[in-house]
Chemist: 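Here it is: the structure, laid out below.
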Protein chains: 2
Amino acid sequence: MTDLPTPALLLDLDALEHNIATMIDMAAGAGIGLRPHGKSHKSPQIARILTEMGAKGTCCATLAELEGFAAEDLPGLLLTAPIATGEQIARLGALHARGADVMVVADNPDIVPALSRIAGDRPLPVLVDCDVGQHRTGVADADAAEALARAITDAPGLTYAGVQAYWGHLQQVPDVTDRHARVKEAARMLAAILDRLSAAGLPAGIVTGGGTGTFGIDRHLGLFTELQPGSFLVLDSLYGPLAIEADGTNPFRYALFVRAAVVSTNPRGNLAPQVTINAGLKAFATDSGLPRLATDRPGTTFRYMGDEHGALTQPDNQPFKLGEEVDLIPSHCDPTVNLYPCYHLLRGGRLEGSWAITGRY
Amino acid sequence: MTDLPTPALLLDLDALEHNIATMIDMAAGAGIGLRPHGKSHKSPQIARILTEMGAKGTCCATLAELEGFAAEDLPGLLLTAPIATGEQIARLGALHARGADVMVVADNPDIVPALSRIAGDRPLPVLVDCDVGQHRTGVADADAAEALARAITDAPGLTYAGVQAYWGHLQQVPDVTDRHARVKEAARMLAAILDRLSAAGLPAGIVTGGGTGTFGIDRHLGLFTELQPGSFLVLDSLYGPLAIEADGTNPFRYALFVRAAVVSTNPRGNLAPQVTINAGLKAFATDSGLPRLATDRPGTTFRYMGDEHGALTQPDNQPFKLGEEVDLIPSHCDPTVNLYPCYHLLRGGRLEGSWAITGRY
């Protein structure tokens, strides 16, 4: 019993530090840079640890994340999603004007004049976002990449900083051999774009992309200068069983848990014995399957029982008791982190303080 | 273009007021009380409007909601979920000690001594939570209800206030005739419990339960003294098409929207024309299907493109433009509201201020 207000988000610092050290070593071994994605952790403290251990900076998916990290004077911020509205341009302009160390991506020449206007006297680095198969953002092909790189180069106040290419659609391809093969295919598209840009006298300085699921191959492609993984920091029940390395291993550990409390233990009609916990649809991201129990109670399964509750089947031995705390591994870390105001920190299984989660909507 | 930071949660006050007035009238017409559920809206302003228009108070699903509403001195708060841990008892005790107008439910005699201890000199009203088929919380049968009612009655400091019976499993039964028939079946369980309690000299003062999906029958059963609907306030794409009344009608209107911006309009390989918006898995609850476009653009569908993005297929006429704002109807209102810090208020289609969302985790 920890007296935490449940449901609570827990971060195991021992596992986090293992994951960070492992990633730093693996990237260094491959001679590649890291700018891990802050959309996963939304924590200035984690971003600080990573940069102090050698990461080039922190990626952000939203302006709110960018503002949160910039408020803590974190270096090397990269906004990995294109922006388009006047409100977004104005917010980016305000950050740039007050000296934040920010780069952005663009995928449309129409946005270049607006970026140029907010740059002012201080160069704003802009990368060309390239669609390499996910079909979410990015220019469609090498022609469009060249045209956009040239528009950025020609725009007063902007620095053409390189290329982003993220194969998000390949991160969770179940079989690692298949996943790596498909990355090699997508990498040919990226290589063609990079060749074209070089031939046009617009060689990419930075080449950034990649994620946790494809890190095992991304770092060996010889295309990227730096990578953007994020989920490796804490894992989840989606990435946990996923092989990362070509040999079928996953060197990272679970560091993120939701702690809930058993609030009802009554018999339930003809159902197999179960208990009700105070963590439901509001306590977990629900897009990628069910959370699973972290504690070792074989045979116990979770199901949702509405917005604020879930049910755990009672194991044959060691049944759950009224008021007992249980820890669950979320199925998808990024949107689960987004549900909580802070991480409660675990060190050697004991609670020690908390870290704020910044840049929620 | 409204210059709102997107994604943003919008509340249409005209539709909200229509829904509130409609519900108040329908309840009054049936001679039944209302204590609408604050788990849906998490807004002290909405709770205040409801109580000023005659609601008995506000239901809460969590202690955080209870604390948020109590901080605004809202009357008639009812915690509809049993609590069990020392931390929960202590928080409830603190609220009770500072004079909050709070009732709670219990479903286990083991928790009665702890509730009795925090009551002190000021009576704490406690209702017996009864399982009428959802199998989430509540006592299993009339025997257990009688035993718990007696334990509450006998405990110093506690007032036995009545019974809660919520058929959450019936709220979204698709066919309204089938739904109402199943409610009548579950109502027989509730009637048997109420008869038993009366026969035992423990008649229920308050009989509370029901929800938006079953309101069409709940208010005519002659069992409840008050009802707890919440989703009717704003609807969602789950409840919107659901008939509420026996004649197949739904008298409520959509009042809740997520506003997003079009951030990428490039061609996407061989895909049908689509645009990318900045609202994804972090912007909507994903447990109950997809959000749908509120704006009238026939044939346009939404799909998720990761944590921060979604795609909208381009309609044949009136294609989306880069930077354009679009409004979507969430598929599940309660956990979507929980994702945002505030409602941006619409009046006659124009923005006017915002209301905080309180009691998120």
Side-chain angles (χ1 to χ4, degrees), chain A residues 1 3-7 39 61-64 81-88 91 107-108 110-111 131 135-140 144 168 261-269 271 276 278 281-283 285-287 304-309 311 322-323 325 332 334-335 338-341 360-361, chain B residues 1 3-7 39 61-64 81-88 91 107-108 110-111 131 135-140 144 168 261-269 271 276 278 281-283 285-287 304-309 311 322-323 325 332 334-335 338-341 360-361:
Chain A
M1 301 295 296
D3 271 357
L4 276 187
T6 48
K39 74 192 276 301
T62 67
L63 284 159
I83 58 174
T85 72
E87 185 267 344
Q88 293 173 320
R91 283 167 76 183
D107 76 355
N108 196 315
D110 291 352
I111 215 70
D131 185 355
H135 301 325
R136 183 168 72 187
T137 65
V139 296
V262 175
V263 294
S264 186
T265 56
N266 291 332
R268 299 278 162 234
L271 293 181
T276 302
N278 64 345
L281 299 171
K282 289 178 180 171
T286 63
D287 59 278
Y304 285 109
M305 295 292 282
D307 294 336
E308 293 84 10
H309 294 94
L322 190 64
E325 290 171 343
H332 191 177
D334 298 25
N338 187 53
L339 296 170
Y340 293 87
R360 300 160 78 198
Y361 293 142
Chain B
M1 302 295 295
D3 271 357
L4 276 188
T6 49
K39 75 193 276 299
T62 67
L63 284 159
I83 57 175
T85 71
E87 186 267 345
Q88 293 173 320
R91 284 168 74 184
D107 77 354
N108 196 315
D110 291 353
I111 214 70
D131 184 355
H135 301 327
R136 182 168 74 186
T137 65
V139 296
V262 175
V263 294
S264 186
T265 56
N266 291 332
R268 300 277 163 234
L271 293 180
T276 302
N278 65 343
L281 301 171
K282 289 178 179 171
T286 64
D287 58 279
Y304 284 110
M305 295 292 284
D307 294 336
E308 293 84 10
H309 295 94
L322 191 64
E325 291 171 343
H332 191 177
D334 298 25
N338 188 53
L339 296 170
Y340 292 87
R360 299 160 79 198
Y361 292 142

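Because only heavy atoms are used, hydrogens play no part in the values below, and waters and symmetry mates are left out as well, while side chains stay in. The sequence lines fix the lettering, A, B, ..., with proteins before strands; numbering per chain opens at 1.
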Chemist: Please report the closest heavy-atom contact between Arg268(B) and Gly138(A), naming both atoms and the distance.
Modeler: NH1-O, 2.9 Å
Chemist: State the CD-CG distance between Glu308(B) and Asp334(A), to the nearest 0.5 angstrom.
Modeler: 7.0 Å
Chemist: Look at Asp107(B), Leu322(B), Leu281(B) and state which one has the largest set of heavy-atom pairs under 4.5 Å with chain A.
Modeler: Asp107(B)
Chemist: Give the minimum heavy-atom separation between Arg91(A) and Pro5(B), together with the two atoms involved.
Modeler: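 Nearest pair, atom of Arg91(A) first, then Pro5(B): NH1-CB, 3.4 Å.
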Chemist: Can you tell which part of Thr62(A) gets under 4.5 Å to a heavy atom of chain B, answering side chain, backbone, both or neither?
Modeler: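 Looking at Thr62(A), just its side chain touches chain B.
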Chemist: Which atoms form the tightest heavy-atom contact between Asp3(B) and Gly86(A), and what is the distance?
Modeler: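 Minimum heavy-atom contact is OD1-C, 4.4 Å.
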Chemist: Go through the atoms of Ala283(A) and report whether side chain, backbone, both or neither lie under 4.5 Å from a heavy atom of chain B.
Modeler: both
Chemist: Which pair of non-hydrogen atoms, one from Asn266(A) and one from Asn108(B), has the smallest distance, and what is that distance?
Modeler: OD1-ND2, 4.0 Å
Chemist: Quick one: what part of Leu339(A) sits under 4.5 Å from any heavy atom of chain B, side chain, backbone, both or neither?
Modeler: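 The answer is both parts of Leu339(A).
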Chemist: Is a side-chain donor or acceptor of Thr286(A) paired with a backbone partner of Asp287(B) at a separation under 3.5 angstrom?
Modeler: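 A pair under 3.5 Å: yes.
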Chemist: For chain B, find which of Asn338(A), Asn278(A), Val262(A), Leu63(A) contributes the most heavy-atom pairs closer than 4.5 angstrom.
Modeler: Asn338(A)
Chemist: Report the distance from atom CZ of Arg136(A) to atom CE of Met305(B), rounding to the nearest 0.5 Å.
Modeler: 7.0 Å
Chemist: Name the region of Arg360(A), side chain, backbone, both or neither, that has any atom closer than 4.5 Å to a heavy atom of chain B.
Modeler: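 Just the side chain, heavy atoms under 4.5 Å.
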Chemist: Looking only at non-hydrogen atoms, find the nearest pair between Thr85(B) and Gly323(A) and report the distance.
Modeler: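 That closest heavy-atom pairing would be CG2-O, 3.5 Å.
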Chemist: Does the side-chain contact (heavy atoms from CB on, under 4.5 Å) test come out yes or no for Asp307(A) and His332(B), once each step is laid out?
Modeler: CA-CA 10 Å; Asp307(A) 294 336; His332(B) 191 177; 3.2 Å; yes
Chemist: Heavy-atom pairs under 4.5 Å with chain A - which of Asp110(B), Thr137(B), Thr6(B), Ile83(B) has more of them than the others?
Modeler: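 If we count pairs closer than 4.5 Å to chain A, Thr137(B) comes out on top.
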